Trainee: 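Pasting a structure below so you can have a look.
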Amino acid sequence: MWPEEKIQAFRKALLDWYDAAGRDHLPWRLNNDPYRIWVSEIMLQQTQVITVIPYYNRFMALFPSIKELAEAEEDVLLKAWEGLGYYSRVRNLQKAAQQIMADYDGVFPNQPEEIIKLKGIGPYTAGAISSMAFGLPEPAVDGNVMRVFSRVFEIGDDIAKPATRKIFEGLVRVLIDPDRPGDFNQAIMDLGTDICAPKNPRPEESPIKDFNQAYQNGTMHLYPFKSKAKKPVPKTMQGIVIQSGDHFLLEKRPESGLLANFWTFPLVEENWGDWPKIEQINFLVAEPAPLNEEGMHALNTFLDEKVKMTAEQIQPAVGSLTHVFSHRKWHITVHHVVVEGMKEDLPENMQWVSRFDFPDYAFAVPQQKMWEIIWKENRKFLQSF
DNA sequence: AACCCGTGGGC
DNA sequence: TGCCCAAGGGT
């Protein structure tokens, strides 16, 4: 490790640059309120600043305090998070708020060992809150920090491995400025988003270029090392949009797993008839196609079993869409089915919902895409109701 | 440790 | 277009 003088020079170079060029306008940097910082850190997990800002402002207006967050309805929470992704974040956020109400009398705990006990707060977020809200010299090691210091110290460990984070935590514990730990952590992250970017970094502009071993040695292209992620697994599905007047049949997804608790137009995961098999999807895009006899039979069985109705009108395969998650890739062929009346003996997780009430329901992006297809293809038809 | 969990932007 | 990336955490 560097001698003490060099460490102090590093801190000064970094923080002088941060004071001059850091992003002091971000809404969560308004003050040091742990609640405001906490919510921002959860939203910022694997999500870019520019995406978070509008969600953050709306969320803080809806839930201005820990107490109001703890008492919110889950549907309202999901609606506030709609489109942000990684929805377990907001469920855990509320669980933690309830923990704080029950265990800490509604006051955010100020010790790292307590903070990390809260649901949804791991090593990074605990360090971020500890340093930024409470001025404690705790490391907050995210992707930016690993990228910056892998270059500064020419560290070739795979940053995709969980164990690698500990190496960088050890470094930051030594380097962090004890007088300004929150600013130190944020300065490294601000540096990592622009100058020390993943692609096309500009190390010659860096305030710490003299400390950057990889830059000095011409090895910038080697750092950080990151093993490749697996490709998303493709899956074909049939999306069934069932309409009765201005009402549509919605299904609530299970309470765990992908898009848990979201409302969706029913999705049938099995292939019908000669629809492309899953293993073929790597090579062809699922084109919308009319239902063959077998497919039509499967659709009527679905209607009979789930909705206990028969179709008055079927517009099969009005469109198709692809949606890529971090680990899965959905190919959905969308069908439009019009029925007469609304039978009420539905399964527990199904409801008829007026399209005018859709704004009250949380829809993940695949469902928004399904609705766009129906809306565009049937605009005139829908507006006649 | 490896897998699960979303979405949008950049190139 | 496909791939990488983003202020990660839970299990």
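Note that the coordinates shown come from a computational prediction; the quantities given were computed from them, not determined experimentally. Convention: sequence-line order gives letters A, B, ...; per-chain numbering from 1.
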Trainee: Starting at atom CG of Leu26(A), determine the distance to atom C1' of dA6(C), rounded to an integer number of angstrom.
Mentor: 15 Å
Trainee: Using whole Å, report how far CG of Asp158(A) lies from C1' of dA2(B).
Mentor: 13 Å
Trainee: Assuming nearest nucleotide by heavy-atom distance, tell me which of Asn200(A) and Thr51(A) is located more 5' along DNA chain B.
Mentor: Thr51(A)
Trainee: Are Lys166(A) and Glu169(A) within salt-bridge range, i.e. N to O under 4.0 Å?
Mentor: no
Trainee: Indicate, with a heavy-atom threshold strictly under 4.0 Å, whether Ala364(A) touches base, sugar-phosphate, or nothing.
Mentor: sugar-phosphate
Trainee: How would you label the contact of Thr125(A) with the nucleic acid (heavy atoms, under 4.0 Å): base, sugar-phosphate, or nothing?
Mentor: sugar-phosphate
Trainee: Is there a side-chain contact between His327(A) and the phosphate of dG6(B), meaning an N or O under 4.0 Å from OP1 or OP2?
Mentor: no
Trainee: Which is true for Lys119(A) with a 4.0 Å heavy-atom rule: it touches a base, it touches only sugar-phosphate, or it touches nothing?
Mentor: sugar-phosphate
Trainee: On a plain distance test, is the side chain of Ser88(A) in donor-acceptor contact with the base of dG9(C) below 3.5 Å?
Mentor: no
Trainee: Please give, in whole Å, the distance from dG8(C) C1' to Ile42(A) CD1?
Mentor: 9 Å
Trainee: Report the distance from atom CG of Asp190(A) to atom P of dA7(C), rounded to the nearest whole Å.
Mentor: 10 Å
Trainee: With C1' as the reference atom in both, quote the distance from dG10(C) to dA1(B) in angstrom, rounded to an integer.
Mentor: 14 Å
Trainee: Go through dC3(C), dG6(B), dG8(C) for me and flag the one nearest to the Ser326(A) side chain.
Mentor: dG6(B)
Trainee: What's the closest nucleotide to the Lys161(A) side chain, out of dA2(B), dG9(C), dG10(C)?
Mentor: dA2(B)
Trainee: Determine the interatomic distance between C1' on dC5(B) and the same-named atom on dA6(C); round to the nearest Å.
Mentor: 15 Å
Trainee: Does atom CD of Glu204(A) have more than 12 heavy-atom neighbours, drawn from other residues, nucleotides or ligands, at distances under 6.0 Å?
Mentor: yes
Trainee: Nearest to the Arg328(A) side chain among dC5(B), dA2(B), dC5(C), which nucleotide is it?
Mentor: dC5(B)
Trainee: Using modelled atom types and a 3.5 Å cut-off, is there a donor and acceptor pairing between side-chain atoms of Arg328(A) and backbone atoms of Leu258(A)?
Mentor: no
Trainee: Using a 4.0 Å heavy-atom cut-off across all strands, classify Ala163(A) as base, sugar-phosphate, or nothing.
Mentor: sugar-phosphate
Trainee: So what does Arg29(A) hit on the nucleic acid, given a heavy-atom distance under 4.0 Å: a base, only sugar-phosphate, or nothing?
Mentor: base
Trainee: Just to be sure I understand the rule, does Gly257(A) reach a base, reach only the sugar-phosphate, or reach nothing, if contact means heavy atoms closer than 4.0 Å?
Mentor: sugar-phosphate
Trainee: Counting heavy atoms from C-beta on, name the nucleotide in dA7(C), dC4(C), dG8(C) closest to the side chain of Lys228(A).
Mentor: dC4(C)
Trainee: Heavy atoms under 4.0 Å, any strand shown: does Leu259(A) hit a base, just sugar-phosphate, or nothing?
Mentor: sugar-phosphate
Trainee: Please classify the nucleic acid contact of Val324(A) as base, sugar-phosphate, or nothing, using heavy-atom distances under 4.0 Å.
Mentor: base
Trainee: Given dC5(C), dG6(B), dC3(B), identify the nucleotide with an atom nearest to the side chain of Arg147(A).
Mentor: dC5(C)
Trainee: Quick check against the 3.5 Å criterion: does Lys329(A) have a side-chain atom that pairs as donor or acceptor with the backbone of Thr322(A)?
Mentor: no
Trainee: Could you check how far NZ of Lys95(A) sits from C1' of dT11(C), rounded to whole Å?
Mentor: 12 Å
Trainee: Give one of base, sugar-phosphate or nothing for Pro224(A), where a contact means two heavy atoms less than 4.0 Å apart.
Mentor: nothing
Trainee: Just checking Trp28(A): base, sugar-phosphate only, or nothing, at a heavy-atom cut-off of under 4.0 Å?
Mentor: base
Trainee: Using the C1' atom as the reference point in each nucleotide, state the distance between dC3(B) and dA7(C) in Å, no decimals.
Mentor: 22 Å
Trainee: Need to verify one output field. Residue with the more 5' nearest nucleotide on DNA chain C, Lys329(A) or Lys226(A)?
Mentor: Lys329(A)
Trainee: Salt bridge check: are Glu372(A) and Lys369(A) linked by an N-O gap of less than 4.0 Å?
Mentor: no
Trainee: Within the structure shown, what part of the strands sits under 4.0 Å from Ile188(A) by heavy-atom distance: base, sugar-phosphate, or nothing?
Mentor: nothing
Trainee: Is the side chain of Gln213(A) donor-acceptor paired with the backbone N or O of Tyr215(A) at a distance under 3.5 Å, no angle test?
Mentor: no
Trainee: Assess whether a salt bridge exists between Asp177(A) and Lys12(A), defined as any Lys/Arg side-chain N lying under 4.0 Å from an Asp/Glu carboxylate O.
Mentor: no
Trainee: Considering every strand and a 4.0 Å limit on heavy-atom distances, what is the contact class for Val145(A): base, sugar-phosphate, or nothing?
Mentor: nothing
Trainee: Mind checking if Arg23(A) touches a base, just sugar-phosphate, or nothing, with heavy atoms under 4.0 Å?
Mentor: base
Trainee: His331(A) NE2 to dT1(C) C1': how many Å, rounded?
Mentor: 13 Å
Trainee: Decide, yes or no, whether a salt bridge links Asp19(A) with Arg180(A) under the criterion of side-chain N to carboxylate O below 4.0 Å.
Mentor: yes
Trainee: So which nucleotide from dA7(C), dG8(C), dC5(C) ends up closest to the side chain of Gln48(A)?
Mentor: dC5(C)
Trainee: With sugar-phosphate meaning primed atoms plus P, OP1 and OP2, does Ile121(A) contact a base, only sugar-phosphate, or nothing at under 4.0 Å between heavy atoms?
Mentor: sugar-phosphate
Trainee: Measuring only the P atom in each nucleotide, how far is dG8(B) from dT1(C)? A whole number of Å is fine.
Mentor: 16 Å
Trainee: Using whole Å, what does the distance between atom P of nucleotide dG9(B) and atom CG of Leu84(A) come to?
Mentor: 12 Å
Trainee: Using atom CD1 of Ile115(A) as one end and atom C1' of dG9(C) as the other, report the distance to the nearest whole Å.
Mentor: 16 Å
Trainee: OP1, OP2 of dA6(C) versus side-chain N and O of Tyr86(A): anything below 4.0 Å?
Mentor: no
Trainee: Are OP1 or OP2 of dG8(C) and a side-chain N or O of Gln46(A) less than 4.0 angstrom apart?
Mentor: yes
Trainee: Return whichever of Lys199(A) or Val365(A) has its heavy-atom-nearest nucleotide of DNA chain B closer to the 5' end.
Mentor: Val365(A)
Trainee: Quick one: is dA2(B) close enough that its OP1 or OP2 comes under 4.0 Å of any side-chain N or O from Lys230(A)?
Mentor: no
